[in-house]
Amino acid sequence: MIKVRSSWQDAMRDFQTLDDYFAIEGEIAREIQNRKVTHFYHGEKSLYIKCHYGVGWSEIIKNWLLLKKPVLGATDEWEAIHALQRINVDTMEPIALGKDDGGYATQRSFIVTKDIGKSIHLEALTQKFPDIFNRFQLKRALLKRVSDITLKLHSHGINHRDLYICHFELCIPGGIENIDIENFSLKLMDLHRAQIRRHIPERWRVKDVASLYFSAMDIGLSQRDILRFMRYYMQKPLKETLNRDKAFWKKVIAKTNKLYRRDWRKKPNWILPPMF
C-alpha cells in the first residue's frame, strides 16, 4: 500500500513501489535500531524519508509488558501529522506513506516529508545561543508557544510520548539573529510514538509535561518561567492551578525526578514553586 498526497503525485511519479522508496539514497540523518531517516533531493525538492524495518517480537512483548503501545511503523506518524494539522499545530508536511503486507513484527513501512528548511531545535538554541534564547521577549514567547502546543495536543486527545524540547524546531529562515518574535514558526517533530484517542489518561499528560520539564531543567529557566508555563498550560490564574491542580503537579515533579535520576544518575536542581 502506498499513499501519495494529491498535490505531490506528479512530483513523486518516479516512485511506484515500496522497493523504489526503500532504495532512495541520500544523507543519513538518523539511524536508530529498526528505523532510518534519510535526507535526499528529488529534483529541486529537499525531502526526508523515514524507513521502518519491523520492530521484532521482543520489542513488541516488552512494550506490552510495560503497558505501552508498540510503534510498529510509519502509519502512526502519518496519522499524527494530519491530526496536528487539523488543530493548527505546526509540524512537518506529509508527502507519502507506504507499507508492505509483512507480519505484525516484520512489516516494512516509510513516510516521506518535506524539509522544513533552516531551523534549530530548542535544546540546541539554549546551548549554542544562550544570549539569544534568554532575551526576555523571545523566551517568554517560546514558553507561551510550547505551552499552547502542549495544551492543544492534550485538549484534542493527542499525547506525544517523547515531548522533549529537542523535538520543537524553531524555523529561522532569516538566521538566528533575526527571529521575529511576533511571527515565528515552531514545529513539533518526531511524532512516530504519538497516540490519538478521545480523552488522554492523566498518566500520559503527566508523562508529556514531565518530559518537557526534564528536558528544560538545565537550560537556565527561572522559577518565574516555570510558574508562567503552569499558568499558560492550565489556562487559569496561577493561584488557582497551584491550589486545585496540586496533585497533578506533584505527579509531574515525581515523574521528572525519575527521568532525571535515570538519565543523569543524580538528583536534579529543582526550580519549584514555593508550595512544593
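All figures in this text were calculated on a predicted structure; none of them were measured in a lab. Values below: every heavy atom of this structure, side chains too, minus hydrogens, waters and symmetry copies.
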Practice problem: Please name all residues satisfying salt bridge (charged side-chain N to carboxylate O under 4.0 Å, His left out) with E25, sequence neighbours left out, ordered by chain then number. | Solution: none
Exercise. List in chain and number order the residues that pass salt bridge (charged side-chain N to carboxylate O under 4.0 Å, His left out) with R30, two or more places apart in sequence or in another chain; answer none if no residue qualifies.
Key: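 Applying salt bridge (charged side-chain N to carboxylate O under 4.0 Å, His left out) to R30 gives D190.
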State yes or no: do [X] and [Y] share one hydrophobic cluster built from I, L, V, M, F, W and Y residues joined by side-chain heavy-atom distances below 4.5 Å, directly or via other members?
X: L47; Y: V4; value: yes
X: L151; Y: F168; value: yes
X: L259; Y: I219; value: yes
X: I111; Y: W8; value: no
X: V146; Y: M92; value: yes

Exercise. I would like to know whether I95 and T113 meet side-chain contact (heavy atoms from CB on, under 4.5 Å); could you show each step before the answer?
Key: CA-CA 5 Å; I95 294 172; T113 57; 5.7 Å; no
Atom [atom1] in [X], atom [atom2] in [Y]: separation rounded to 0.5 Å?
X: D14; Y: H42; atom1: CG; atom2: NE2; answer: 4.5 Å
X: L97; Y: I2; atom1: CG; atom2: CD1; answer: 9.0 Å
X: E202; Y: H154; atom1: CD; atom2: NE2; answer: 11.5 Å
X: H39; Y: I24; atom1: NE2; atom2: CD1; answer: 12.0 Å
X: M189; Y: H167; atom1: CE; atom2: NE2; answer: 9.5 Å
X: R261; Y: R265; atom1: CZ; atom2: CZ; answer: 11.0 Å

Find out whether [X] and [Y] are in side-chain contact, i.e. whether some heavy atom of one side chain is under 4.5 Å from a heavy atom of the other.
X: L212; Y: Y164; result: no
X: V37; Y: E31; result: no
X: F214; Y: K258; result: no
X: K251; Y: F248; result: no
X: R193; Y: H160; result: no
X: S215; Y: M217; result: no
X: V112; Y: F15; result: no
X: L84; Y: D90; result: no

Could you tell me which non-hydrogen atom of [X] sits nearest to which non-hydrogen atom of [Y], and how far apart they are?
X: Y260; Y: K266; answer: CD2-O, 3.4 Å
X: L188; Y: T91; answer: O-OG1, 2.7 Å
X: L18; Y: K99; answer: CD1-N, 3.7 Å
X: G175; Y: K118; answer: CA-NZ, 3.9 Å
X: D115; Y: S46; answer: OD2-OG, 2.7 Å

Whether over 12 other heavy atoms sit under 6.0 Å from [X] [atom1]:
X: K114; atom1: NZ; result: no
X: D101; atom1: CG; result: no
X: K207; atom1: NZ; result: yes
X: R244; atom1: CZ; result: no

Quiz prompt | Cation-aromatic face contact R108/F22, 6.0 Å, 45 degrees | solution = yes
Donor + acceptor pair across side chains of [X], [Y] (<3.5 Å):
X: D208; Y: Y213; result: no
X: R197; Y: Q195; result: yes
X: R205; Y: Y233; result: yes

Quiz item: When L153 is tested against each of N159, I158, I196 for side-chain contact (heavy atoms from CB on, under 4.5 Å), which residue passes?
Solution: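 Answer to the side-chain contact (heavy atoms from CB on, under 4.5 Å) test with L153 among N159, I158, I196: I158.
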Exercise. Let me know which of L125, I179, I165, I181 forms a side-chain contact (heavy atoms from CB on, under 4.5 Å) with L142.
Key: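 When L125, I179, I165, I181 are each tested with L142, the side-chain contact (heavy atoms from CB on, under 4.5 Å) holds only for L125.
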Quiz item: Please walk me through it: do D100 and Q107 pass side-chain contact (heavy atoms from CB on, under 4.5 Å)?
Solution: CA-CA 6 Å; D100 64 17; Q107 184 183 79; 3.3 Å; yes
Practice problem: Determine, step by step, whether K139 and D225 satisfy the salt bridge (charged side-chain N to carboxylate O under 4.0 Å, His left out) criterion, reporting the C-alpha distance in whole Å, the side-chain angles of both residues, the deciding distance to 0.1 Å, and the verdict. | Solution: CA-CA 9 Å; K139 184 166 69 168; D225 293 327; 2.8 Å; yes
Exercise. Would you confirm whether S155, through its side chain, and K152, through its main-chain N or O, come within 3.5 Å as a donor-acceptor pair?
Key: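 The answer is no, because no donor-acceptor pair under 3.5 Å joins these two groups.
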Quiz prompt | N178 side-chain N/O to G174 backbone N/O, donor-acceptor pair under 3.5 Å | solution = yes
Quiz item: If you measure from the Lys or Arg side-chain nitrogens to the Asp or Glu carboxylate oxygens, is any gap between K36 and E27 under 4.0 Å?
Solution: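 Looking at E27 together with K36, the answer is no, because their closest N to O distance does not fall below 4.0 Å.
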Quiz item: Does the pair E93 and K45 meet the rule for a salt bridge (charged side-chain N to carboxylate O under 4.0 Å, His left out), with working shown?
Solution: CA-CA 13 Å; E93 179 180 345; K45 301 181 185 300; over 6 Å; no
Quiz item: Could you give all pairs that pass the ring-ring contact (aromatic ring centres under 6.0 Å, His included) test and reach residues 106-140, with sequence neighbours left out?
Solution: Y21-F110
Quiz item: Among H52, H192, K50, whose side-chain hydrogen bond (donor to acceptor under 3.5 Å, both in side chains) with E77 holds?
Solution: K50
